[in-house]
Amino acid sequence: MKIEYVKDGNVISIDSARTGMKYPAVSQAEAYWEGLRNGRVMPSRSDVDPRGISNILEQSFILEKIAPGMAKIRLAGQAMNDILGMEMRGMPITSLLLPEARGDMRIALERLFDSPATVHLTLKSAGGFTRSALDAQMFLAPLRDDQGRTTRALGAIQIKGNIDRAPRRFNISKMDVKEILTNDVSEFRDKSGSSDPQTKHPYLQRDDMVKKNTRANIPGYLEHTEGSDLRQNRHGGQKRAQPHLRVVEPE
């Protein structure tokens, strides 16, 4: 059920506020990542300092991308180890899930690393004769590695209820994927590590990448302004104008 209220004429969802109250470790991990990001697309793995999340280390973990839609656990807090009753380091993150939920997790991981995006997952584990039902929340946010590639992720998981008897595995009851927004398009990089805003956002193109008189029925298509390609330099010669962005409203 989606719960909203009206403030100053705006409709505001309080789902996130309720999640923060119920799963404070997850909310703290997200706030820590946002603080490290500080307006960038994402922070680097080297920016993460355990002292900054010392009170939620048990619920925190680090992922490494090993293939499209696949990631393994590089570091895991004790809370994650308790879920399966074993050391989770080196295991795929999908090992926490039931087989029918692993396809959804692969989709979430693709979005996490490739968009890039943050991911919130609502998890449920059914109870049984000797085990109570569990509710959990998981947060995932991308990180850059030492080469500037998006191959790491900061995560946190918090469970409500008693694990009782391990191992426990979860279904995904809700997935919330939010693409990361930034005003600095130079932050976007392609898979080879080179900066290029067009790689992830094809509607953003540099002027020198768009041919004159080209038409395209896509939102935010960019085209040259006639006569803007060349400018006179101080010696009377001609030089190339610096690349810039100009948004043209779709017809």
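Quick note: residue numbers are just sequence positions, from 1. This structure is a prediction, so every number in the text was calculated from the model and none was measured. Keep in mind that the numbers below use all heavy atoms, side chains included, and drop hydrogens, waters and symmetry copies.
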Is it true that Arg40 and Asp47 make a salt bridge, defined as a side-chain N closer than 4.0 Å to a carboxylate O? yes
Step-by-step side-chain hydrogen bond (donor to acceptor under 3.5 Å, both in side chains) determination, Gln137 to Thr122: CA-CA 5 Å; Gln137 279 276 332; Thr122 301; 2.7 Å; yes
Does either side chain, that of Ser132 or that of Asn162, offer a donor lying less than 3.5 Å from an acceptor on the other one? no
Ion pair check, Asp104 and Lys174, cut-off under 4.0 Å: no
Any heavy-atom pair between the side chains of Leu123 and Ile172 that's under 4.5 Å? yes
Under 4.5 Å between side-chain heavy atoms, hopping through other hydrophobics if needed: is there a path connecting Ile73 to Ile66? no
Output yes when a side-chain donor or acceptor of Asn171 lies under 3.5 Å from a complementary backbone atom of Ser173, and no otherwise. no
Could you check whether any side-chain N or O of Glu87 sits under 3.5 Å from a backbone N or O of Arg89, counting only pairs where one atom can act as donor and the other as acceptor? yes
Single hit among Asp146, Ile62, Leu154 for side-chain contact (heavy atoms from CB on, under 4.5 Å) with Arg45: Ile62
Beyond-backbone contact of Pro116 with Met42, side-chain heavy atoms, under 4.5 angstrom: yes
Any idea which heavy atoms bring Ala166 and Leu84 closest together, and the distance? CB-C, 3.8 Å
Hey, are the side chains of Ile163 and Arg131 touching, using non-hydrogen atoms and a 4.5 Å cut-off? no
Indicate whether any N or O donor in one side chain lies under 3.5 Å from an N or O acceptor in the other, for Thr151 and Glu64. no
Is any side-chain heavy atom of Val177 less than 4.5 Å from a side-chain heavy atom of Ile107? no
Determine the interplanar angle of the Phe139 and His120 rings, folded into 0 to 90°, and report it as parallel if under 30°, tilted if 30 to 60°, perpendicular if over 60°. tilted
A side-chain contact here means heavy atoms from C-beta on lying under 4.5 Å apart; do Ile93 and Leu109 qualify? yes
Given 3.5 Å as the limit, does a donor-acceptor pair link the side chain of Trp33 with the main chain of Leu143, or not? no
Under 3.5 Å side-chain donor-acceptor pair for Ser125 and Arg169: no
Do Met70 and Met105 sit in the same hydrophobic cluster, where Ile, Leu, Val, Met, Phe, Trp and Tyr count as joined when their side-chain heavy atoms come under 4.5 Å apart? no
Kindly work out whether a path of hydrophobic side-chain contacts (I/L/V/M/F/W/Y, heavy atoms less than 4.5 Å apart) joins Met86 to Leu97. yes
Check whether any side-chain N or O of Ser95 sits under 3.5 Å from a backbone N or O of Met91 as a donor-acceptor pair, and report yes or no. no
To check you understand the geometry: which heavy-atom pair defines the closest contact between Tyr23 and Ala136, and what is its length? OH-N, 3.8 Å
Short side-chain to backbone donor-acceptor contact, Gln158 and Ala25, under 3.5 Å: yes
Is the backbone of Ala126 close enough, under 3.5 Å, to the side chain of Arg168 for a donor and an acceptor to pair up by distance? yes
Mind checking whether Leu112 and Lys65 have side chains closer than 4.5 Å, heavy atoms only? no
So does Gly148 get a backbone contact from the side chain of Asp145, meaning a donor-acceptor N/O pair under 3.5 Å? yes
Output yes when a side-chain donor or acceptor of Arg102 lies under 3.5 Å from a complementary backbone atom of Thr94, and no otherwise. yes
Would you say Gln59 and Gln78 make side-chain contact, with heavy atoms under 4.5 Å? no
